[in-house]
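Take a look at the structure set out below.
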2 protein chains.
Amino acid sequence: MLQTVQKAAQVLRLFTPQQPEWGVTEVAAALEIPKSGAHALLRTLAAEGLLQRTGNGRYRLGWTLFELSQTLLDSSSLLRAARPIMERLVAGWGETTHLAVLVDGQVLYVEKLQGDRALEIVLSGVGKRLPAHCSGVGKVLLAHQPWENVLRIVETTGLISFTPNTITTVEQLREELERVRQQGFAYDQEEVMVGLCCAAAPIRDESGQVIAAMSLSVPAYRFYPNRQRLTTAIVDAARRVSEELGYYQEDWAWGNGKRSKSRSSGLATSVLT
Amino acid sequence: MLQTVQKAAQVLRLFTPQQPEWGVTEVAAALEIPKSGAHALLRTLAAEGLLQRTGNGRYRLGWTLFELSQTLLDSSSLLRAARPIMERLVAGWGETTHLAVLVDGQVLYVEKLQGDRALEIVLSGVGKRLPAHCSGVGKVLLAHQPWENVLRIVETTGLISFTPNTITTVEQLREELERVRQQGFAYDQEEVMVGLCCAAAPIRDESGQVIAAMSLSVPAYRFYPNRQRLTTAIVDAARRVSEELGYYQEDWAWGNGKRSKSRSSGLATSVLT
DNA sequence: TGCATGTGTTCAGGTATACTGAACCCGCGG
DNA sequence: CCGCGGGTTCAGTATACCTGAACACATGCA
């Protein structure tokens, strides 16, 4: 682990919408390193275009990051595959869909399409992070991580409580993730915000790895009566995206793990891991 | 200059839409460093989320870059200010507008809005780079760089020729940039592609620094007859974006550099530097 | 099935590299 | 005019990184 690079990455992570501009002294204080060290980091990052100097010797994020992000989006088929399906989902339900990935233990929202019947969800937003233990997408993503990873995440970030329904103990989380893995989808039943629920399902790439999760967010009073239909909808949509990415559900009933395009559009059949 | 960070940045820059996935050996070959070194770089970058490991031990760009890019866009008022004005420009002219910044000597396109009368410009694209000496936005951006910077850029990337009109000598470039600086806008008269012209103007932030350039791209046969109107349009649009960013043209006629909101919408008056 | 080749990965030691802390500018406000 | 707070520079030292070879692992071919 190259510590210098680690520190450079730490520096980059300091820049947030709340504080998009940092000076040498501030960075030094934040990372608890001497000023000269912070200066060297900022200077080289700026020289590489990952940061840019403002006139007064302070620093902001640099356009190279935009460029890299664009090539990421360009080369990742995820968004390209998911967007049309999300659009259809929104058109059909009028609710809000989210697409999210896991980045060091937290949920990062990659896309968000708001429906016309939907309530404005302020918490989530494209490019924003949220803890994973409380949302539908978060639980789906955690469920397909090795348990030791989950433990490490929980130990560092804790299980913050947002509502009375939020999972707050490791034991609860273990059971819930087990359930999610078994059934192939997750619910968020007012666990992050009272009155807000969602159903979420995993998206797999051609190797079968879960690389993202998709969800349909619904006000509680519309969620409980329609839970069944919602579930099939999101599971089906996620499966369709997965297929777009080259994944075909192993048809284990026929044994041998022979790959056969399974077009069953029924309710989530349990998926091997 | 922290060499380790420099190398890390070099690694990131290797990832392109053409080759979005790299292995240890490939990186080692590309940077001419031993495998173990490349391994260490990739590993730490992945641990920091700037890269992600695919199943087979190869690497792709990581979602943290997307996150950082979003906070960049969020905190940079440039795009927010420019987009509506670009939209109006496109609506009025039916041509294509570009918004670009300079990133280590090259033009990086940040936004591109295509008009309905416009021809498809394949060369440019959001997140793509192009050499600076041949496009309108490029010349505007170079014109407001210290000349020694420009020299360094030219020495490293050269003056590649795209069409018979492309600037190919340093002397030509010096004169052209001088002219651009004087008049406050630049033309691209079929310098990058035969049959394609554009007019470009600088965008300044509140400190007066030129941070971006905006252009209107037009087929040659529509460009030459309308050059005057095009020029005022793009200069005016760019000025409006600059004002949105907090810049007000120094009204030097009244002396003392006293800041006064100048609402002149006439043709580009020459701007102090 | 077995071998050969190409991966990604690990490790120990020498050396170049990054960190330290104090001193230096420079602009701003009192 | 001076003091303060920022960013910047610099020499010496300790340390963190680079090296190169060996390892583990997968893949393809015979």
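In what follows, every chain begins at residue 1, and chains take the letters A, B, ... in the order their sequences are listed. Worth saying up front: this structure is predicted, and the values here are computed from it rather than measured.
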Applying salt bridge (Lys or Arg N to Asp or Glu O under 4.0 Å) to A:Arg179 and not counting sequence neighbours gives A:Glu176
Would you check if the side chain of B:Asp205 reaches a backbone N or O of B:Gly208 as a donor-acceptor pair within less than 3.5 Å? yes
Measure from CD on B:Glu21 to C1' on C:dT7 and round the result to the nearest Å. 14 Å
B:Leu2: side chain to side chain contact (heavy atoms under 4.5 Å, CB included) partners, not counting sequence neighbours: A:Thr4, A:Ala40, A:Leu41, A:Thr44, B:Val5
Applied to residues 65-76 of chain B, the side-chain hydrogen bond (donor to acceptor under 3.5 Å, both in side chains) test, sequence neighbours excluded, yields A:Arg129-B:Glu67
How far does the helix from C:dT1-D:dA30 to C:dA23-D:dT8 bend, going by the axes of its first and last five pairs, to the nearest 10°? 50°
Those residues at least two apart in sequence (or on a different chain) that pass ring pair (Phe, Tyr, Trp, His ring centres under 6.0 Å) with B:Tyr59 are none
Who passes salt bridge (Lys or Arg N to Asp or Glu O under 4.0 Å) against B:Glu178, sequence neighbours left out? B:Arg181
Per-nucleotide protein contact string for nucleotides 6-25 of chain D (B base, S sugar-phosphate only, - none; heavy atom under 4.0 Å): SBBBB-----SSSBB-----
Check side chain to side chain contact (heavy atoms under 4.5 Å, CB included) between B:Gln19 and all other residues, then give those that pass, not counting sequence neighbours. B:Thr16, B:Trp22, B:Glu26
Which residues pass the salt bridge (Lys or Arg N to Asp or Glu O under 4.0 Å) test with A:Glu175, sequence neighbours left out? none
Give every residue pair that meets the salt bridge (charged side-chain N to carboxylate O under 4.0 Å, His left out) criterion with at least one member in residues 40-51 of chain B, sequence neighbours excluded. A:Arg13-B:Glu48
Identify, residue by residue, the members of residues 8-17 of chain A with a heavy atom below 4.0 Å from DNA chain D, and return them in order of residue number, or none. none
Those residues at least two apart in sequence (or on a different chain) that pass salt bridge (Lys or Arg N to Asp or Glu O under 4.0 Å) with A:Arg83 are A:Glu111
